[in-house]
Structure formats: structure tokens, C-alpha cells
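First the structure, in the form of C-alpha cells, and then the observations on it.
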Amino acid sequence: MMSGDHEDASISRRVRRLETLLEEKGVVTAGAVDEVLDAFLAGASPANGARVVARAWTDEAYRERLLTDGTAAVQELGFMDGSFQRLRVVANTDAIHNVIVCTLCSCYPLPLLGPSPGWYKSEAYRSRVVREPRSVLAEFGLQLPTDTDITVWDSSAETRYMVLPRRPAGTESLTEDELAALVTRNVLIGTAAV
């Protein structure tokens, strides 16, 4: 399937070299970059996005706010405070399935989805999902009906996307926590369904 191991290793070497140069020049102290990254990643998790989805499934007014202004809606739940990025949430329907990509790099709503998977950053995924989304989704095990339109959303430095999946039938009696447990990172990206 999608493999970006070689590319990821090359990027990792370049990042490490940049860190070393910054340390040698006295711009940062050893470990300072790791401390900043650790603090940044501490609250980043797909459980956050799942919580947003569960709220949208159980609160129609919140769902409408989420689809109108994703950034403000997720900030209501304590996510993305102080973020300069705009969050746009796109809803799957019976007729439309959404999938997220960043064709330039790997822009991604990290606070809501956690660290991005390697395949999301791979050149293979980034290039193929825009050209042949149905084939790529099939590789992930997601077979959509032929009459379902697939919309591919391209993230950028300014705008990040998250998929609001369809609520599964028969879940009316589930609590928000139980609903959130059904939602995975891949569902939030659009490469899986609930």
C-alpha cells in the first residue's frame, strides 16, 4: 500500500540536522525542541476529534455550528484555542463521502486527530488520492457504492479539514462517550467509515 518510509527517513535526517545546527549556533539549547514538541503533542489525540463528532451526532445545534465555523465550534469544547488555522468540517451524507489530503506536505488538524500517520505524509497517498480516490479508499478497505460521490479536500497551512462521518444506524441509545468510541482517526480523515 502507501509507503513513505524512505521519504520519512530523509525528512527525519534533515530535521535532525537543522536541530543540530540550531543547537551549535546557540539558537536553542539541547532538548528545547523536544520539550516544545512534547508540550504541543501532549493534548493531541484522535479522541478529541471523536468527542467533537459525538457531540455533533447528539446535538443538532452544535452540528450546525461545527459545519458553519469549525474552529469556533471545536473551541467550545476546548480544542484549537489560540490556533491561527481555520478548521473546516465536512459532513458525509448518503450521496457524498469526504476524504482529506494535503498535496503539498502534511497539513493536518493535529489537536483533533493526533500525530499524522506515515501514509498520510507519503507522496503516494498525497498524489493518488486526488486522482483515484475510490481506488485508494478501496486499499484502505473502504468500498463505497458506485453512486456515492467522493470529494477530496486539500488542506493548507491556513485551512485544515476534518470529516464528520454519518452516524451509524441503531446508535440512538448510546451516550456521547459510547459514540466517541466508534470514531477512529481514519474515519476523521475519510479513509474509513463508522
Side-chain angles (χ1 to χ4, degrees), residues 1-19 33 37 40-41 44-46 48-50 52-53 56 66-75 79-80 82-93 95-166 183-194:
M1 190 165 76
M2 312 287 158
S3 176
D5 293 342
H6 179 69
E7 183 179 329
D8 289 348
S10 174
I11 291 169
S12 294
R13 283 192 301 274
R14 287 186 287 177
V15 168
R16 183 63 201 131
R17 180 69 184 134
L18 179 59
E19 287 178 25
V33 173
L37 288 174
F40 181 69
L41 293 173
S45 169
N48 297 338
V52 169
V53 167
L66 182 66
L67 295 174
T68 301
D69 184 349
T71 307
V74 299
Q75 286 174 342
F79 306 120
M80 294 183 68
S83 176
F84 66 89
Q85 294 138 352
R86 174 179 174 239
L87 177 69
R88 182 152 180 217
V89 178
V90 291
N92 286 347
T93 67
I96 298 171
H97 181 84
N98 297 285
V99 64
I100 310 304
V101 67
C102 180
T103 57
L104 295 177
C105 54
S106 59
C107 293
Y108 179 87
L110 193 129
L112 298 170
L113 278 64
S116 59
W119 58 260
Y120 185 84
K121 299 177 271 190
S122 75
E123 188 175 336
Y125 175 77
R126 293 182 358 237
S127 63
R128 287 187 55 228
V129 76
V130 295
R131 290 190 330 263
E132 49 185 335
R134 194 171 299 278
S135 296
V136 170
L137 294 177
E139 290 176 25
F140 279 93
L142 181 57
Q143 301 288 338
L144 296 171
T146 55
D147 61 344
T148 300
D149 289 328
I150 300 172
T151 303
V152 179
W153 298 91
D154 193 359
S155 292
S156 69
E158 295 83 25
T159 303
R160 307 295 165 92
Y161 292 90
M162 184 178 89
V163 173
L164 176 59
R166 294 182 327 168
V183 180
T184 66
R185 178 188 61 206
N186 286 11
V187 166
L188 300 169
I189 296 171
T191 55
V194 181

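Computed from heavy atoms alone, side chains included, the values below leave out hydrogens, waters and symmetry copies.
A distance of 13.5 Å separates CE of Met162 from CZ of Arg88, quoted to the nearest 0.5 Å. Residue Leu66 holds its CG atom at 9.5 Å from OG1 of Thr71, rounded to the nearest 0.5 Å. The line from CZ of Phe140 to OG of Ser135 is 12.5 Å long, rounded to the nearest 0.5 Å. Separating the SG atom in Cys107 from the CD1 atom in Ile100 is a distance of 12.5 Å, to the nearest 0.5 Å. Atoms OG and CZ, from Ser45 and Arg185 in turn, are 10.0 Å apart once rounded to the nearest 0.5 Å.
When the ring pair (Phe, Tyr, Trp, His ring centres under 6.0 Å) test is applied to Tyr108, the partners found at least two apart in sequence or on another chain are Tyr120. For Ala138, the side-chain contact (heavy atoms from CB on, under 4.5 Å) partners two or more places apart in sequence, or in a different chain, are Gln143.
In plain terms, the two heavy atoms of Val74 and Leu112 that are nearest each other are CG1-CD1, 4.1 Å. Between Gly190 and Leu142 the shortest heavy-atom distance is O-CD2, 3.8 Å. Of all non-hydrogen atoms in Cys102 and Asp154, the two that sit nearest each other are CA-OD1, 3.3 Å. Residues Arg134 and Thr146 share a closest heavy-atom pair of NH2-O, 3.8 Å. Shortest non-hydrogen contact noted between Gly70 and Val89 is CA-CG2, 4.3 Å. In plain terms, the two heavy atoms of Val163 and Ile189 that are nearest each other are CG2-O, 3.6 Å.
Side-chain atoms of Gln85 do not come within 3.5 Å of backbone N or O of Thr159 as any donor-acceptor pair. No donor-acceptor pair under 3.5 Å is formed between the side chain of Asn186 and the backbone N or O of Thr191. For the pair Thr148 (side chain) and Ile96 (backbone), a donor-acceptor distance under 3.5 Å is absent. In this structure, Arg86 contributes its side chain and Arg160 its backbone to no donor-acceptor pair below 3.5 Å.
Residues Val101 and Ser155 form no side-chain contact, since every pair of their non-hydrogen atoms from C-beta on lies 4.5 Å or further apart.
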Apply side chain to side chain contact (heavy atoms under 4.5 Å, CB included) to the pair Val99 and Trp153, showing each step before the final yes or no.
CA-CA 6 Å; Val99 64; Trp153 298 91; over 6 Å; no
Dump the intermediate steps for side chain to side chain contact (heavy atoms under 4.5 Å, CB included) on Leu164 and Asn92, then the final yes or no.
CA-CA 6 Å; Leu164 176 59; Asn92 286 347; over 6 Å; no
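For Glu139 and Arg128, the salt-bridge test passes: some basic side-chain N is under 4.0 Å from an acidic carboxylate O.
His97 pairs in a side chain to side chain contact (heavy atoms under 4.5 Å, CB included) with only one of the listed residues (Asp149, Val90, Leu144, Thr151), which is Leu144.
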